[in-house]
Amino acid sequence: MAIFILTLIICNLLFLLSKASSTDTLTLSQSLPDGTTLVSKDETFELGFFSLRNSTNRYVGIWFKNIPVKTIVWVANRDHPLKDNSTKLTITCDGNLVLLTKNNTVHWSTNTTTKPLRPTLQLLNTGNLILRNDNDDNNSINNEEKFLWQSFDYPCDTLLPGMKLGWNKKTGLNRRVTAWKNWDDPSAGNFTWGITFDSNPEMVLWNGTSKYHRSGPWNGVRFSGAFGGSNSLTTHPLFVYKLVNNNNDEAYYSYSSINKSLISIVVMNQTLFRRQRIIWIPENGTWRLFQTAPRDICDTYNPCGSYANCMVDASPVCQCLEGFEPKSSETMDLAQGCVRREPWRCKVEGRDGFRKFIGLKFPDTTHSWVNRSMTLEECKVKCRENCSCTAYANLDIRGAGSGCSIWFGDLIDLKVVSQSGQYLYIRIADSQTDSKDAHKKKALLLIGTTVAPIALVVLLAIFYYYRRKRKYEVEKKSEVGGQEDSMELPLFDLATIVNATNNFSTDNKLGQGGFGPVYKGVLVDGQEIAVKRLSRSSGQGLTEFKNEVILCAKLQHRNLVKVLGCCIEGEEKMLLYEYMPNRSLDSFLFG
Ligand SMILES: *[C@@H]1O[C@H](CO)[C@@H](O)[C@H](O)[C@H]1NC(C)=O
Ligand SMILES: *[C@@H]1O[C@H](CO)[C@@H](O)[C@H](O)[C@H]1NC(C)=O
Ligand SMILES: *[C@@H]1O[C@H](CO)[C@@H](O)[C@H](O)[C@H]1NC(C)=O
Ligand SMILES: *[C@@H]1O[C@H](CO)[C@@H](O)[C@H](O)[C@H]1NC(C)=O
Ligand SMILES: *[C@@H]1O[C@H](CO)[C@@H](O)[C@H](O)[C@H]1NC(C)=O
Ligand SMILES: *[C@@H]1O[C@H](CO)[C@@H](O)[C@H](O)[C@H]1NC(C)=O
Ligand SMILES: *[C@@H]1O[C@H](CO)[C@@H](O)[C@H](O)[C@H]1NC(C)=O
Ligand SMILES: *[C@@H]1O[C@H](CO)[C@@H](O)[C@H](O)[C@H]1NC(C)=O
Ligand SMILES: *[C@@H]1O[C@H](CO)[C@@H](O)[C@H](O)[C@H]1NC(C)=O
Ligand SMILES: *[C@@H]1O[C@H](CO)[C@@H](O)[C@H](O)[C@H]1NC(C)=O
Ligand SMILES: *[C@@H]1O[C@H](CO)[C@@H](O)[C@H](O)[C@H]1NC(C)=O
Ligand SMILES: *[C@@H]1O[C@H](CO)[C@@H](O)[C@H](O)[C@H]1NC(C)=O
């Protein structure tokens, strides 16, 4: 005991004696008083005391040294501000970093339990402030395992490159990023970013304890909720993102810049309730916003309820997935979600099947299960076996796809994010049209097996034709005329349709689908039609359009809406359906 006290006294004496020389390290015998700083070797980061605007509170934190706009990336005592400038940062003999006030009381301290011989504090070039044992060789600064403590394990509102967001499963350490309360106050707000700790981890933003935004689980390439379009992360290779999830060790997200001279950070902003990735623009001397989450109302957590798709430009914003209908008959806008149009009956022949959905953000993974080695077929069997299983998908979409992910209970927080890529198989009544009649089922199967190859051939032919056509840049107005034969569908001219729909009058508008508005119209012969006018922004190209037309034409069936024809003129692409007075028409057309 006496020896212990003696060492403490010696320790304290050492604190009093020396100050830090201006380097990146602080040893046991040194202290860092208010007004002095530590600077990382490459002079990227600086550690020191600071105040915010007109507040007198003092904090210890890390900021960029090589950027003129003071950007604080870490605060040690965010919830314990200092009231004056007489405090110093020191290391105690038991290997902790502490803030000692004038009368030598500990104001703030780290909580390590190891008892190192010669603890040393070092500010690394990455912005990581570490406590390590001085005896360890130079390699120890690259070996996280050897750190006694590191600031990267206790993030504030900023995720720096190389920082891990998420779990160390062995120690139970959960690294989360929490916004400052406001611009003047770095204490923890209630807007938090972290990784869920379940079978299929994903990034989540929380408002207090409720989910505010989900990234969707990692699909091997990106988070399944990330847009797969031309703005996608994969085609914008400024950063490398990774999600590591090994069974017993870790589940974390991290990123790094591909070009190390690009300075970029991710910050949580409580005021805007947004997570923002910003990039430093040296020429302009400012930070520029690069990405933000959530992007819009559809990107927040589950705005539409179960089995619904959310589309910002559509009206209503929430739309049921194909094969589903609104739970409540009232307006679907931000409502109760959807239910199966026909109830499926578990393991009942003809009433239990799956429908494949393309490009859907994968549902909330709270009630899910994964197996990395299963094939998609095994996955389907696994799902079919369990009556609470509602969907399955490949865990990893790379290549031909691998692994199995299955979901239980109602599927929530869905959204179409791309037109290709990840597939989700949702459990649904086997055939929506003829369930009991086995003959008809067989016929459908026959159509499926014969039509599909034919359609494929036609499609390939058209695709090839258009490739060649584009190559030769034939700029003729009658471009589509040559396609008439292969389409086997009457081609209407624009004037006819303009006439029939009263020049696309809003009175005639029946609704709005994902690909554009639908209008009611009357042809000169008195026939009532519904016109689906593909919006130019729909992204549906000519090939996809032909594809749809051909498939619709081949699938003429008494229970399906009949396709009467189409119209392609200039930018305009339209499909003409038989008008069904029944209110549920829209659900046939949107999907
Ligand atoms: C600390 O604060 C006092 C009074 O506010 C001021 O005179 C002094 O210069 C400050 N010291 C440092 C190191 O900032
Ligand atoms: C800080 O200064 C601004 C204007 O300079 C003032 O509006 C604000 O109330 C001040 N905040 C505090 C906490 O004093
Ligand atoms: C040390 O100073 C702090 C304020 O700086 C005060 O709250 C605390 O009571 C003092 N402790 C002792 C033992 O004097
Ligand atoms: C250290 O532990 C104490 C008590 O468990 C806690 O109040 C304090 O916030 C912890 N400090 C840090 C920096 O985690
Ligand atoms: C650590 O690296 C420095 C320079 O990089 C070198 O001078 C020193 O000898 C190294 N120390 C050990 C223990 O390897
Ligand atoms: C949040 O963003 C707004 C607008 O960019 C900015 O004015 C504000 O300072 C930010 N708040 C924090 C805490 O960074
Ligand atoms: C966060 O949750 C609180 C309490 O539930 C709510 O009042 C607030 O509007 C929410 N904030 C946002 C941005 O949704
Ligand atoms: C979060 O904080 C904001 C203001 O700081 C408050 O309006 C909101 O209700 C809080 N949310 C929760 C869930 O506590
Ligand atoms: C990285 O960016 C800097 C400045 O933008 C540029 O000069 C350099 O060539 C880039 N390096 C690589 C490997 O792309
Ligand atoms: C710098 O600012 C100018 C004018 O504000 C802008 O036109 C330019 O695009 C900016 N440069 C970058 C790289 O953002
Ligand atoms: C995952 O699937 C493989 C192949 O079907 C099987 O051998 C293995 O036991 C499964 N693992 C778990 C945890 O179910
Ligand atoms: C189906 O899966 C759920 C959730 O994992 C599980 O609780 C239940 O026991 C399973 N039922 C069967 C029949 O395997």
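Every number for a ligand or one of its atoms is a count from 1 in the order of the listing. In this chain, numbering begins with 1 at the start of the sequence shown. Just so you know, these numbers use all the heavy atoms, side chains as well, and skip hydrogens, waters and symmetry mates.
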Show me which atoms of ligand 9 lie under 4.0 Å from any heavy atom of S261. 1 (C), 2 (O), 3 (C), 4 (C)

Only heavy atoms of N259, strictly under 4.0 Å: list the atoms of ligand 9 that pass. 1 (C), 2 (O), 3 (C), 8 (C), 10 (C), 11 (N), 12 (C), 14 (O)

Would you please indicate if the ring centroids of F45 and F64 are separated by under 6.0 Å? yes

Heavy-atom side-chain proximity of R277 to S264 below 4.5 angstrom: yes

Is at least one protein non-hydrogen atom found at under 4.0 angstrom from atom 7 (O) of ligand 9? no

Nearest neighbour in protein (non-hydrogen) for atom 12 (C) of ligand 12: N386 ND2, 3.4 Å

Is there a protein heavy atom at a distance of less than 4.0 Å from atom 2 (O) of ligand 9? yes

Measuring from the heavy atoms of Y212, does anything fall under 4.0 Å of ligand 7? yes

Quick one: sort the Y253 and Y241 rings into parallel, tilted or perpendicular, breaks at 30° and 60°. parallel

Testing W407, F354, W369 one by one against Y392 for a side-chain contact (heavy atoms from CB on, under 4.5 Å), which residue passes? F354

Check R214 with E202, please: is the shortest side-chain N to carboxylate O separation under 4.0 Å? yes

Is the distance between the ring centroids of F239 and F290 under 6.0 Å? yes

Check for me whether F408 has a heavy atom closer than 4.0 Å to any atom of ligand 12. yes

